[in-house]
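Below is one structure, written out as structure tokens; comments come after it.
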Amino acid sequence: MTLEVDLRHRLGDFQLEVAFAAPPGVTALYGPSGAGKTSVVNAVAGLLRPDAGRIAVGGEVLFDRAAGIDVPVRARRMGYVFQDGRLFPHLTVRRNLRYGGGAEGFDAVVSLLGIEGLLDRRPARLSGGEKQRVAIGRALLREPRLLLMDEPLASLDARRKAEILPYLDRLAREVRIPILYVSHAMEEVLRLATTLVMIEAGQLTDSGPIAEVLERHPVPGLVAPEGAITVTGTIRSFDARREAEVLTPLGPLWLAMVNGDVGDTAACLIDPRKVVLVRGEAVSSRNAVEVTVDALRMAGREVTVGLKAGEAQFSARMGIERAKPLDLAPGRRLIAILDPQPLLDGLP
Amino acid sequence: MTLEVDLRHRLGDFQLEVAFAAPPGVTALYGPSGAGKTSVVNAVAGLLRPDAGRIAVGGEVLFDRAAGIDVPVRARRMGYVFQDGRLFPHLTVRRNLRYGGGAEGFDAVVSLLGIEGLLDRRPARLSGGEKQRVAIGRALLREPRLLLMDEPLASLDARRKAEILPYLDRLAREVRIPILYVSHAMEEVLRLATTLVMIEAGQLTDSGPIAEVLERHPVPGLVAPEGAITVTGTIRSFDARREAEVLTPLGPLWLAMVNGDVGDTAACLIDPRKVVLVRGEAVSSRNAVEVTVDALRMAGREVTVGLKAGEAQFSARMGIERAKPLDLAPGRRLIAILDPQPLLDGLP
Amino acid sequence: FAAASLKGPLDQAAEAWQAASGHDVQVAYAGSPTLARQIRQGAPADLAILAHPRWMEWLADQGVAGAAEAVPFLSNRLVLIAPGEASAAPLTPETVATLLGPDDRFAIALTDAVPAGIYGRASLEALGLWDSVSDRLLEMENVRAALALVARGEAPLGLVYATDALAEPAVSVVAELPVDSHPAIVYPLAVLAETEAADAFAAYLTGDGRVSFDDAGFLRPGADDL
Amino acid sequence: MISDFLGPAEWEAVRLSVRVSLVATIASLPLGLFVAYALARWRFPGHGLLNGLVLLPLVLPPVVTGYLLLILFGQQGVVGAWLAETFGIVLAFRWTGAAVAAAVMAFPLLVRALRLAIEAVDPGLEEAAATLGASRWRIFWTVTLPLIWPGLLAGIVLAFAKAMGEFGATITFAAAIPGETLTIPSAIYGALQVPGQDGVVLRLAVLSIVIAMAALAVSEVLARRAARQVAGG
Amino acid sequence: MISDFLGPAEWEAVRLSVRVSLVATIASLPLGLFVAYALARWRFPGHGLLNGLVLLPLVLPPVVTGYLLLILFGQQGVVGAWLAETFGIVLAFRWTGAAVAAAVMAFPLLVRALRLAIEAVDPGLEEAAATLGASRWRIFWTVTLPLIWPGLLAGIVLAFAKAMGEFGATITFAAAIPGETLTIPSAIYGALQVPGQDGVVLRLAVLSIVIAMAALAVSEVLARRAARQVAGG
Ligand SMILES: Nc1ncnc2c1ncn2[C@@H]1O[C@H](COP(=O)(O)OP(=O)(O)OP(=O)(O)O)[C@@H](O)[C@H]1O
Ligand SMILES: Nc1ncnc2c1ncn2[C@@H]1O[C@H](COP(=O)(O)OP(=O)(O)OP(=O)(O)O)[C@@H](O)[C@H]1O
Ligand SMILES: [Mg+2]
Ligand SMILES: [Mg+2]
């Protein structure tokens with residue numbers, strides 16, 4: 001089941017124009033505040049009627065301006081976690097959860113979200129994060145064919161996130177429903193998403209498999225570290241801790257927190273400042289690569305060292321006093337210890 | 001000016017009991033969802049009247065149950081960024097911003113928050129993140145003697161956060177007002193906070209300077225990596241990129257994103273899995289330490305290497321195939337490259 | 001259906017007749033115009049007693065059966081009243097002026113709409129008193145309201161039916177207006193339904209039943225009044 | 001008939017008034033809800049007209065309203081004749097007519113209260129219900145209606161109180177036939193016509209106040225309970 | 001006096017009605033706001049009593065209310081005598097008295113609408129204003145009042161319409177003095193008493209409807225504009 005979106009809409013001065021496809025699994029909608037993410041989600045849910053366009057799920061057309069099709073909201077069978085909660089204030093948590101149906105899986109969802117103790121309270125007596133969890137539960141229990149999640153974890157603590165994320169991950173994989181996921185937290189996006197849709201100021205910047213998009217637009221919304229390169233490769237295996245061995249032009253690299261399966265593409269970023277050069281015989285790191293010094297460049301009190309590993313090229317950068325003991329010169333063979341970032345670390 | 005809080009309050013089944021002091025600078029209120037953070041903030045703002053206790057700012061008592069003092073909300077001069085926004089729906093953004101006074105600094109705040117284009121709109125036409133920015137602006141323009149920020153950046157994108165955080169940072173340092181800052185995002189907390197107040201289920205877990213608290217409770221809300229140790233030291237200098245040189249028992253370590261000034265205490269975490277051992281002469285890392293192998297322990301396909309650096313002890317862990325080329329044996333001298341975490345990376 | 005102003009004595013008469021004849025009587029009171037309109041719209045009224053002939057004439061014009069055969073049932077007369085214990089006074093503009101005082105007002109029913117007001121105005125005009133009160137009128141919804149004003153002392157002088165003055169102990173009669181100073185006051189009665197009971201009750205009212213109305217101060221109309 | 005004590009006739013008026021007011025209030029609720037919902041949520045041609053029409057009974061003197069009712073629904077009236085022929089329903093001069101008059105007079109109050117309440121409901125919540133698969137009908141019953149509960153109660157109390165106090169239209173349209181349409185206000189009117197009946201007036205007035213206050217108290221308790229639940233208190 | 005055309009007397013009634021209704025509505029606004037705010041937001045002894053008292057004029061037949069007003073505010077009345085002595089204010093039989101009667105009759109409608117609206121205001125917004133340093137008074141003017149704007153308009157329209165249609169209490173308390181207290185409803189009543197004056201009745205009724213509808217239309221436009229701003233449209 002795939003969600004296809006193609007829409008144009010005007011909101012005051014704001015012009016929205018996006019087209020993308022979201023296959024089963026998690027599709028992250030990523031973009032700065034005010035980019036139009038919520039508007040897209042609303043259009044998919046049927047709460048915003050685009051001026052033009054077409055929206056379909058698994059071949060079923062939900063909206064087609066030209067053909068005059070507009071399936072009513074209630075018949076779209078989507079679980080929507082709203083950015084602003086929207087719990088029913090007059091109903092207890094339990095009845096909020098049950099509103100969309102789904103006695104099935106009730107206990108599992110409730111315990112996943114840790115809201116067992118809140119079932120008989122009304123929303124006014126919940127904390128911000130508790131409300132958000134109930135809203136997630138309500139959407140999950142709807143048994144949707146598509147999940148729309150607008151910053152669902154924004155006010156949850158790390159531990160709770162760490163519990164819910166794998167669940168969503170599993171849900172997307174096992175039930176094979178598309179999840180449209182709006183988030184500003186790159187960790188979440190990287191952890192969950194297989195597809196990435198980037199929008200800015202209402203316009204689609206790029207969309208597609210996450211690794212490809214990130215390769216084309218390295219660290220969305222952030223200036224990539226100076227001189228950083230993106231390295232892409234194919235996943236060969238996973239270890240016991242689900243770190244992925246990725247075959248890259250630099251050799252096999254091990255990445256933590258990668259989505260996808262063996263055979264999928266994964267991308268990472270090599271920040272020259274995080275490359276450690278070693279003059280020695282052996283290192284214990286799995287991400288060590290034998291390199292030859294290619295060129296040296298000085299800038300201020302820093303040295304940038306151009307490196308070659310087979311055909312591939314990258315660089316390392318360090319303070320001048322660090323470079324001295326290495327006795328650097330073009331042609332010298334060294335070991336480079338890389339710290340490949342699945343674009344997860346290093347974000348402010 | 002210091003904020004002193006000591007309160008006890010009952011909300012249904014929930015019992016809140018905390019006491020802490022927040023000096024000028026940012027004090028992070030950290031704890032899982034439902035821990036009572038918003039309740040504490042509300043009590044400071046005067047929106048919740050505690051059953052018992054005392055609240056004072058810079059010596060002025062705002063609330064003292066026993067003494068019958070309860071300064072009215074409007075006279076407390078606090079800028080409160082609510083978890084749920086609370087913009088005035090009938091006023092334009094401009095008039096929302098001006099509500100608390102402060103023509104002064106208006107343009108600066110508006111451009112900091114990137115809301116120049118929204119000034120004549122009403123909140124209903126703003127996106128989630130835009131609302132949040134306006135709410136921040138409204139509180140800042142109040143010229144408060146205390147800022148209360150309840151997850152103010154939760155729905156902002158990384159770039160925007162990266163712009164606002166330094167501003168708050170500066171504000172806290174320059175104006176020397178206490179900022180009580182609720183957040184689930186460890187990066188934000190580490191970036192901003194000088195003081196950390198940890199609460200869980202309504203009870204104070206710990207409070208004090210952030211480094212000390214994190215030393216006593218390493219990674220709040222998260223299980224620390226197995227075998228990790230916390231290393232504390234004194235900040236000796238900052239480099240051009242504001243990385244701090246911290247004098248630790250292991251020798252000088254360079255940490256990124258540390259709060260505080262020269263002479264302050266800073267803490268970091270050494271994860272054995274991230275320690276790279278090198279058999280060789282020189283490395284380019286600033287965080288390299290000469291070590292002696294003390295002991296070897298095998299577990300499954302992993303080796304844990306006990307290490308000594310002067311008096312200090314720590315360990316490294318690696319897959320057995322990584323250990324082989326190092327030719328490990330007690331007494332062998334190696335270089336260890338550390339990846340000291342200011343508890344910033346590695347959080348999910 | 002009967003004019004509201006008849007309520008007291010008519011209730012008594014109805015009760016008495018009910019006891020005597022075993023028939024069940026229900027009297028619905030309202031203002032004459034309302035009654036007339038209701039009857040016109042087919043209200044289930046067997047008998048109608050109105051406070052002024054004109055609405056009965058209107059019913060007759062509208063072709064309501066029985067209205068044309070209405071008979072004058074009761075009559076009444078007008079009196080000037082004052083609050084509390086007041087002594088009788090002659091009907092001159094001066095007395096009226098004295099009694100009214102410099103800035104008080106004269107209570108009366110609506111002078112161009114309600115029977116008591118219409119009769120009253122005619123009478124006052126005939127007596128040459130109209131000019132001394134015409135710009136100081138307190139025109140009320142009905143004569144009872146005018147009576148209440150005087151009884152409460154809100155107006156020092158008012159014009160009501162003699163029957164009203166008699167029933168309200170808080171006022172006293174200052175002067176009786178001559179009967180010939182205004183068109184005869186007539187309460188017409190019409191039998192609208194050709195039922196035995198209606199005829200019987202009408203007969204009772206115009207016969208033995210009159211006593212209660214006499215007690216209340218109503219007059220018997222002259223034969224030529226309608 | 002109205003004795004100096006609260007005689008059987010007075011009791012009858014009280015019982016009748018309560019019955020008429022209850023029936024008027026309850027019977028006008030569904031239409032009131034519908035009209036209020038339509039006015040609050042829909043834009044349609046005739047919106048303004050409907051809005052004005054609802055307000056009419058408030059603007060016109062009650063007697064005029066009663067007279068209009070009589071002309072329309074009387075046995076000779078356009079609608080009245082049709083009703084009588086088709087369904088055998090006669091309203092004029094029956095207690096049902098009194099209820100109709102009371103309902104019409106109370107309708108503006110009911111609709112306004114309901115409309116205000118409906119307009120205050122966050123459409124976002126109704127949208128949320130729709131995404132959860134609820135039909136319009138279900139949304140109305142499970143979201144809108146519970147959320148306008150305070151307004152509904154306010155409207156009911158206003159309508160009931162108005163119905164208890166309604167006189168002009170009732171006596172004009174339904175007359176004041178003892179046991180059938182002689183409500184408390186009509187009885188008070190009657191008593192006012194007879195000097196010295198102030199006691200009766202007072203008793204009846206107090207009674208009708210007590211009844212209305214009881215209704216008010218019940219509504220306050222219900223509204224407060226609902227408010228406490230929603231507000232978290 | 002009531003001619004067959006819309007003579008000067010009729011015009012006078014119309015002008016008077018509008019003036020009385022406007023004054024009644026505007027003058028009762030501050031008190032209405034205060035009472036509604038108190039009922040909605042404060043708990044105090046006598047809360048229930050006040051609540052009931054406000055509802056009274058709705059429950060009692062207008063004539064009784066008018067009579068009570070007369071007893072209280074008449075020149076012989078307790079309050080009336082005091083007012084007259086102390087301030088030289090006389091209400092009975094003045095157009096001000098008619099305004100008072102209309103205001104009293106309209107008060108329950110005004111207060112209910114305002115109270116509903118005030119209860120619907122999110123106290124969180126008022127709290128936010130307080131944290132921004134606003135006094136209670138400023139909060140009321142800058143937050144509460146603008147947010148209850150639709151309710152305020154609804155209340156004003158209801159009250160104005162009711163005042164335009166008020167008859168029983170007005171005539172009882174203020175009589176029907178041409179040019180002073182002879183409002184449209186009193187004129188209509190007078191015309192109804194005379195056979196064949198249906199034309200006058202119709203003309204006056206239509207006029208008063210037109211005026212009320214105009215008020216309604218204005219309020220709708222204002223309310224819709226406010227709603228559009230707040231809802232984002
Ligand atoms: N009115 C109330 N009645 C009863 N319990 C309440 C009420 N309000 C809040 N609580 C409970 O008090 C606890 C603390 O709430 P609070 O809003 O302070 O949490 P928080 O730390 O801000 O959480 P979050 O991060 O989710 O916003 C929660 O467990 C909540 O369920
Ligand atoms: N009713 C409206 N009228 C005019 N402009 C609007 C309206 N609603 C939203 N907008 C504008 O449309 C743009 C997109 O809004 P949207 O809510 O989709 O953003 P978003 O990507 O979800 O942002 P955020 O991350 O802040 O929630 C914003 O610039 C907003 O100001
Ligand atoms: Mg959004
Ligand atoms: Mg909170």
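Predicted model only: the values in this text are computed from it and were never measured. Lettering of chains follows the sequences in order, A, B, ..., and the numbering in each one begins at 1.
Side-chain contact check for A:R133 versus B:S33: some heavy-atom pair is nearer than 4.5 Å. Here the side chains of A:V278 and B:I335 are not in contact, with every heavy-atom distance at 4.5 Å or above.
Both the backbone and the side chain of B:E130 come within contact range of chain A, each with at least one heavy atom under 4.5 Å from a heavy atom of that chain. The contact between B:L277 and chain A is made by backbone and side chain atoms together, counting heavy-atom distances below 4.5 Å. Residue B:Q83 touches chain A through its side chain alone, counting heavy-atom pairs closer than 4.5 Å. Residue B:R301 does not touch chain A at all, counting heavy-atom pairs closer than 4.5 Å. For a residue to count as touching a neighbouring chain, one of its non-hydrogen atoms must lie under 4.5 Å from one of that chain's; by this rule B:V182 does not touch chain A. In this structure, chain A has a heavy atom under 4.5 Å from the side chain of B:S127, while its backbone stays farther away. A:L326 touches chain B through backbone and side chain together, each having a heavy atom under 4.5 Å away.
Chain A forms more heavy-atom pairs under 4.5 Å with one residue of B:A282, B:G129, B:G280, B:S183 than with any other, namely B:A282. With respect to chain A, the highest number of heavy-atom pairs below 4.5 Å among B:K131, B:K324, B:M318 belongs to B:M318.
For the atom pair CZ (B:R286) and CD (A:E321), the distance works out to 7.0 Å, reported to the nearest 0.5 Å. The line from CD1 of A:I337 to OG of B:S284 is 8.5 Å long, rounded to the nearest 0.5 Å. How far CG of A:D13 is from CZ of B:R125: 9.5 Å, rounded to the nearest 0.5 Å. A:D84 contributes atom CG, which lies 11.0 Å from atom CG of B:D84 (distance to the nearest 0.5 angstrom).
Looking at A:S285 and B:R322, their side chains never bring a donor and an acceptor atom within 3.5 Å of each other.
Within 6.0 Å of atom CD in B:Q15, more than 12 heavy atoms from other residues, nucleotides or ligands are found, so the atom counts as buried in its surroundings. Other residues, nucleotides and ligands place more than 12 heavy atoms under 6.0 Å from the CD atom of B:E281.
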